[in-house]
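Below: one structure, written as structure tokens.
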Amino acid sequence: MFNGFTPETVDFLWGIRMNNNREWFLEHKKDYVNYLYEPMKALGQDLFQPFLEKTGNLLKVSRIYRDARMHHPVPYKESLWICIRQDVEWWAENPCLYFEICPEGVSYGLIWWHPRPSVLEDFRKAIAAKPKEFCKLIADTQKATGIPLSVETYKRPKEAPTPALAPFYAWKGKISCVVNEPVSQEMFGPELGLRAREFLEKLIPLYEYLNRFKV
């Protein structure tokens, strides 16, 4: 059960940002485990509860260690995240639900970071075939969450069959619906987990629809 983060969690995250080296980390490894990693694992288990009976979904809790082949000489991440996604080769090409904590605060929601052009072509065909279904899904999602989708768009999008679909024909990537919470007392307690779970549950219909087009 997730009991919340603490000020020590934030202190550790700022510490690793200012002291991204092995010596400092080893001195503070217990803080990492107690104040960051273990609470994140517990939060992940809580957030994954609605997906226990939904096939094909995975829960991934990141570790703080970077891949030295890609990030040398910076050995550690400055944030930690949880990802709920399908069993796919590369998460960024597919929709996922996530929670992330960094020194400035937390964010959580849905993101489809880098869909392949061929996948977006299939997406456009699908919404053109049933435009009312998709437009209702978008409207219902925005009404439930109170947050409009944020997207990166093509400068020259393909022509849409109807004006109602034109915004979606322009989708290129970074498709997201996200809550950002800065560091405050509201971050320190189990209520954060309840807020995140409630928000992610509101995004499940859109998440499942977009996963029709996973790579």
Side-chain angles (χ1 to χ4, degrees), residues 1-10 12-13 31-65 77-115 137-138 140-150 174-214:
M1 177 181 293
F2 176 67
N3 293 316
F5 297 110
T6 65
E8 289 83 359
T9 309
V10 179
F12 173 82
L13 287 165
D31 294 339
Y32 159 65
V33 174
N34 294 333
Y35 300 129
L36 183 58
Y37 185 63
E38 289 298 333
M40 281 291 279
K41 284 202 304 181
L43 177 59
Q45 292 170 1
D46 286 357
L47 296 182
F48 197 67
Q49 289 298 311
F51 297 89
L52 290 176
E53 297 182 1
K54 294 178 181 290
T55 60
N57 292 286
L58 301 176
L59 171 66
K60 296 291 185 179
V61 181
S62 70
R63 301 295 295 269
I64 203 164
Y65 309 98
K77 301 170 186 173
E78 298 177 359
S79 67
L80 221 63
W81 48 260
I82 295 162
C83 182
I84 297 171
R85 60 172 175 80
Q86 297 281 295
D87 187 6
V88 293
E89 184 174 349
W90 187 35
W91 72 268
E93 291 184 331
N94 299 271
C96 70
L97 300 170
Y98 83 96
F99 179 100
E100 183 174 23
I101 184 169
C102 67
E104 290 81 7
V106 300
S107 64
Y108 48 88
L110 177 147
I111 191 163
W112 194 9
W113 187 255
H114 190 60
L137 173 61
I138 294 297
D140 289 347
T141 301
Q142 293 185 356
K143 182 179 180 180
T145 62
I147 298 177
L149 292 178
S150 173
K174 299 180 182 178
I175 301 150
S176 65
C177 183
V178 171
V179 168
N180 294 289
E181 295 189 21
V183 173
S184 72
Q185 283 301 121
E186 293 184 354
M187 211 177 93
F188 306 135
E191 293 79 9
L192 172 62
L194 297 176
R195 292 195 302 275
R197 176 169 168 174
E198 180 182 8
F199 188 75
L200 295 188
E201 286 181 349
K202 293 174 180 178
L203 292 167
I204 289 175
L206 179 59
Y207 165 78
E208 292 182 336
Y209 181 91
L210 296 178
N211 266 306
R212 299 180 188 181
F213 312 103
K214 66 179 182 291

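- Partners of Gln142 according to the side chain to side chain donor-acceptor pair (under 3.5 Å) rule, which considers only residues two or more places apart in sequence or in another chain, do not exist here.
- The nearest pair of heavy atoms linking Leu110 to Leu97 is CB-CD2, 3.7 Å.
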When the side chains of residues 184-195 are checked against the rest of the protein, which donor-acceptor pairs come out under 3.5 Å, sequence neighbours left out?
| residue | atom | partner | partner atom | Å |
| --- | --- | --- | --- | --- |
| Ser184 | OG | Glu186 | N | 3.2 |
| Arg195 | NE | Glu181 | OE2 | 3.1 |
| Arg195 | NH2 | Glu181 | OE1 | 2.8 |
| Arg195 | NH2 | Glu186 | O | 3.1 |

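- In terms of heavy atoms, Pro95 sits closest to Asn211 at CD-OD1, 3.6 Å.
- Between Phe51 and Phe48, the two ring planes are parallel [angle under 30°; tilted spans 30° to 60°].
- Ile138 has its side chain within reach of Leu206: a pair of non-hydrogen atoms, C-beta onward, lies under 4.5 Å apart.
- Within the 4.5 Å cutoff, the side chain of Asp31 has no heavy atoms near those of the Leu36 side chain.
- Remark: Arg63 engages no residue in a salt bridge (charged side-chain N to carboxylate O under 4.0 Å, His left out) (not counting sequence neighbours).
- Taking 4.5 Å as the limit, some side-chain heavy atom of Cys177 sits within range of a side-chain heavy atom of Phe199.
- Minimum heavy-atom separation, Pro103 to Val183: O-CG2, 3.4 Å.
- With Trp112 contributing its side chain and Cys96 its backbone, the two residues share no donor-acceptor pair below 3.5 Å.
- Side-chain contact between Pro205 and Leu137: present, with at least one pair of heavy atoms (C-beta onward) separated by less than 4.5 Å.
- Contacts classified as side chain to side chain donor-acceptor pair (under 3.5 Å) and involving residues 199-209 (residues at least two apart or in different chains) are given here: Lys54-Glu208, Asn57-Tyr207, Arg197-Glu201.
- A search for ring-ring contact (aromatic ring centres under 6.0 Å, His included) contacts involving Phe99 returns Tyr108, not counting sequence neighbours.
- Between Asn94 and Trp90, every side-chain heavy-atom pair lies at or beyond the 4.5 Å cut-off.
- You'll find the side chain of Leu80 reaches within 4.5 Å of the side chain of Tyr37, heavy atoms only.
- Partners of Asp46 by salt bridge (charged side-chain N to carboxylate O under 4.0 Å, His left out), not counting sequence neighbours: none found.
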